[in-house]
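In what follows, a structure is listed as C-alpha cells, so that the remarks can point back to it.
Labels below follow one simple rule: chain letters A, B, ... track the order of the sequence lines, proteins then strands, and each chain is numbered from 1. In what follows, every heavy atom counts, from backbone to side chain, and hydrogens, waters and symmetry copies are set aside.
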Number of protein chains: 2
Amino acid sequence: MAEQTGPAPMDRHETAMGLGPLSIFIRKLLNRSRLSTLDQQALANLPYKIQNLDVGTQILREGDRALVCPILLDGFTYRYKVAADGGRQIVALKVPGDALDFQSAYLHTADHDIRALTPVVIAMVPLRAIESLAEDRPAIARALLVDTILEGSIGREWLLNIGRRNAEARLAHLLCELYYRIDEIAGAPLDTYEVPITQEQLADLLGLTPVHINRMLKRLEGKGAIRSGRRLHILDLAELERISDFSDIYLHRNNVPA
Amino acid sequence: MAEQTGPAPMDRHETAMGLGPLSIFIRKLLNRSRLSTLDQQALANLPYKIQNLDVGTQILREGDRALVCPILLDGFTYRYKVAADGGRQIVALKVPGDALDFQSAYLHTADHDIRALTPVVIAMVPLRAIESLAEDRPAIARALLVDTILEGSIGREWLLNIGRRNAEARLAHLLCELYYRIDEIAGAPLDTYEVPITQEQLADLLGLTPVHINRMLKRLEGKGAIRSGRRLHILDLAELERISDFSDIYLHRNNVPA
DNA sequence: CGGCAACTTGACGTTGATCAAGCCATGTGG
DNA sequence: CCACATGGCTTGATCAACGTCAAGTTGCCG
C-alpha cells in the first residue's frame, strides 16, 4: 500500500507519449474517441495519488458516496453484487487504463462493490477535477461518455451470456472477451496468453459453481483450446470463438472516428 | 403507423407543464437531474416526428447506424440479443419517457435490437439535434449521462438476478422493478396494477423457458402475491419483495440534487 | 363460429448444484 | 532444508432445478 504523489513518473509503466502515469488511461480513451493534444495534456495534468493495493482490497463499497475516481494503471479489478443467500455475482471486469468509478460523480450512492482481482496500481483522481475537466472540454466529456456506454454494451453481452448460453460456451465466451480486452491494451499482439484468475472467480463471473467451472475447464483443455491448472492459458482463440459463437462487435473495437 | 409532425399536441398524453408531447421525457429527466426552465424549454423545442407502432415492430437492428433517437412516449419496448442457437435474451426494458437509443450518437453501429413490447407511441428526434443540445447545455448533457448510467445500474442488477437467484426470486424481482419503474412515471400511486407482458417475454427477460415461467407464476399466485392468467396483476408487492430480497437502491430513486 | 396465440399441465431428461474427500503447489517458520 | 499449513485445484457420487416434449385448454378477434 505504498503511496506516491504528484507527477513523479512510475517505472512500472511505460509513459508513452510523455504523458506520465495516466498515459495508459489516455491511450485507452484514444482507442474510441478523438482528443486534441490539449485535451490529452489536460488529462495528463489531472492531480492524482498513486496507490498499490493487495489482492482483494475493497476499492468501493455499496452505499458509499465516492469523492475520488480510481483509475486502474496495472492489474485487474471487478465490480460485484451479492444476493441474499450470499451468492456473489461479478458484474464487470476492469482492465488497466479503465476509470473504475466515474459514475459516482453523478449518483448519490454506489450500487455495488469494487475489489482488486490481482495486486493493482491505481491513480486516485479527485472526482471534482474530472468533473470540471468534463465541463470545460466537451471532447473529454464525450470520451468519458463513450467509455460508459461501452461498459453498458459489455454488460448486455454478459446478460446474453449468462442468460442463454450453456456453461461451456459461457466460459469460452468470457475467455475470448478477456483476450481481446487485454490485447487492446498490450502493445504487441498477444501470443500464448495467461489469465490471472481463479476458478472461484470464474464461477462468480459466470453464475456457476467452482466445481462446474473446473469440469468445463477440463473440457476446453481436452479440446486443446486452453491450458488449465495453476495458471490459465489461452491456446486456441479460434476454437474458443467457435465454441461460444463469439462476435466482437459489442466491444466496438473500431469506433475511432475517421 | 400513423405519423404526425411538429408541435401539434397529442391528446393521448397530458402535456404537463405546457412542454408538449416530450414533457414525459423531460419529467423523467427531472426525476434524477436538475434542469433550468431554459433547459427544459430547449428540450421541449426539439424537432420530432410522432409515430405509432404495432406490437413487435423493430425499432433498431444490430449493425444499424442510427440517425434518430426514438423517445418512448407511451407503451413499452425492449432491447434484446440472440444467441447462436436462436435463444433470445432481453437485456433492457424501456418505459414511457425513456430515450431508446441515445448511445447511437456515440458508437458506430448498434450492438443489439430494439422492439416494441406493446403498441407504442414514439417521438423520433434527429440525433444531431440532441447532440448539439448536449454540447450547448452542460446540464442537459449531464442529465442524459445520468440516464445512461442508471440503465447501466439496472443492467448490473439484472446480471445478479439472472446469475444468482432461483427462478421464483428472479421473477418476483423483475415484477418489483417493473412496479417501481411504472410507479415513477404514473402520476398517482399505483393500486392493483397490471403488467402488459406475455409469459414468453418473461422467459426471454429472465433466462428461463415459458413453461417454467408458467409454473413460477402459479407458485406466486398460490402465495397471493400476484394474479396470473391472461393479464398479470401485482397484488402484494411486499410479498414479492420478501421473496426476491428486493432493494431499490439500484434504481437510484432519490437522486434529485438538493 | 372458427382460427390462432397464449396459457396450462404432465411425464421425463439433462444440466449444473451440492456434498465430500483428497491432492498439489506455494510459502512460512523452525 | 524440511514440516506443515493453506488456498486453490480435482474428482466422484448424488440430487434438484429447470428444460424439453407433447397434448390439451382457454380466451380473443375477425
Side-chain angles (χ1 to χ4, degrees), chain A residues 54-56 83-90 115-119 161-174 194-222 226-233 243-244, chain B residues 54-56 76 83-90 115-119 161-175 194-222 226-233 243-244:
Chain A
D54 293 334
V55 180
D85 64 350
R88 259 158 75 100
Q89 178 65 44
I90 294 178
R115 272 186 199 271
L117 181 77
T118 63
N161 204 31
I162 294 180
R164 286 296 173 210
R165 283 195 263 260
N166 63 28
E168 186 187 14
R170 223 184 275 188
L171 177 54
H173 193 280
L174 177 69
E194 185 183 330
V195 187
I197 202 168
T198 71
Q199 296 183 5
E200 187 178 5
Q201 289 162 341
L202 284 170
D204 287 344
L205 276 160
L206 296 172
L208 297 167
T209 52
V211 254
H212 204 58
I213 289 287
N214 183 279
R215 298 195 229 267
M216 293 303 108
L217 284 171
K218 293 293 151 197
R219 191 132 110 199
L220 292 179
E221 194 166 20
I226 63 172
R227 179 145 34 86
S228 143
R230 207 75 195 168
R231 326 224 93 135
L232 177 56
H233 288 259
I243 290 170
S244 61
Chain B
D54 293 334
V55 179
F76 296 78
D85 64 351
R88 259 158 74 100
Q89 179 66 44
I90 294 178
R115 273 185 200 270
L117 180 76
T118 63
N161 204 31
I162 293 179
R164 286 297 173 209
R165 282 195 264 258
N166 64 28
E168 187 188 14
R170 224 184 275 188
L171 177 54
H173 192 280
L174 176 69
L175 294 178
E194 185 182 331
V195 187
I197 203 168
T198 71
Q199 296 183 3
E200 186 177 5
Q201 289 163 341
L202 284 170
D204 287 345
L205 276 160
L206 297 172
L208 297 166
T209 53
V211 249
H212 203 59
I213 289 287
N214 184 279
R215 297 196 231 266
M216 292 304 109
L217 285 172
K218 293 293 150 195
R219 190 132 110 199
L220 292 179
E221 195 166 21
I226 63 171
R227 180 143 35 86
S228 145
R230 208 75 195 170
R231 325 224 93 136
L232 177 55
H233 289 259
I243 290 169
S244 61

Evaluate the criterion side-chain contact (heavy atoms from CB on, under 4.5 Å) for residue pair L202(B) and M216(B); output intermediate values, then yes/no. CA-CA 11 Å; L202(B) 284 170; M216(B) 292 304 109; over 6 Å; no
For a quick test of reading the model: is some side-chain N or O of [X] closer than 4.0 Å to OP1 or OP2 of [N]?
X       : N       : value
S228(A) : dT10(D) : yes
Q199(B) : dT8(C)  : yes
Q201(A) : dG8(D)  : no

Could you check how far [atom1] of [X] sits from [atom2] of [N], rounded to whole Å?
X       : N       : atom1 : atom2 : answer
I213(A) : dG8(D)  : CD1   : C1'   : 14 Å
E200(A) : dC9(D)  : CD    : P     : 9 Å
I162(B) : dG19(D) : CD1   : C1'   : 16 Å
L202(A) : dC9(D)  : CG    : P     : 8 Å
K218(A) : dC23(C) : NZ    : P     : 16 Å
D85(A)  : dA17(C) : CG    : C1'   : 12 Å
R219(B) : dT9(C)  : CZ    : C1'   : 15 Å
R170(A) : dT15(C) : CZ    : C1'   : 10 Å

Sugar-phosphate atoms are those with a prime plus P, OP1 and OP2; base atoms are the rest. Using that split, label each nucleotide of nucleotides 23-30 of chain D B, S or - for protein heavy atoms under 4.0 Å, 5' to 3'. --------
Salt bridge present between D85(A) and R165(B) (N-O < 4.0 angstrom):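 No, this pair does not count.
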Return yes if some donor-acceptor pair links the side-chain N/O of [X] with the main-chain N/O of [Y] below 3.5 Å, else return no.
X       : Y       : value
R170(A) : L206(A) : yes
T118(B) : F76(B)  : yes
R164(B) : L208(A) : yes

Can you list the steps and then say if V195(A) with I226(A) is a side-chain contact (heavy atoms from CB on, under 4.5 Å)? CA-CA 10 Å; V195(A) 187; I226(A) 63 172; over 6 Å; no
Students often get this wrong, so: under 4.0 angstrom with heavy atoms, is L208(B) touching a base, only sugar-phosphate, or nothing?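 If one applies the 4.0 Å heavy-atom cut-off, L208(B) turns out to touch the sugar-phosphate alone, with no base involved.
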Just checking G207(A): base, sugar-phosphate only, or nothing, at a heavy-atom cut-off of under 4.0 Å?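 Sugar-phosphate, backbone atoms only, no base.
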Starting at the 5' end of DNA chain D, which residue's closest nucleotide do you reach first, N214(A) or H212(B)?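 Counting from the 5' end, the first nearest nucleotide belongs to N214(A).
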Toward the 5' end of DNA chain D, which comes first, R164(A) or L217(A), by nearest nucleotide?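 With R164(A) and L217(A) compared, the 5'-side residue is L217(A).
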Is P119(B) close to D54(B) at the side-chain level, that is, under 4.5 Å between some pair of heavy atoms?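 Not touching, per the 4.5 Å side-chain cut-off.
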Donor/acceptor link under 3.5 angstrom from R215(B) side chain onto base of dT20(D):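 Such a pair exists between side chain and base.
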For the side chain of V211(A), starting at C-beta, report the closest nucleotide among dT20(D), dA17(C), dC19(C).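 Side chain of V211(A) sits closest to dC19(C).
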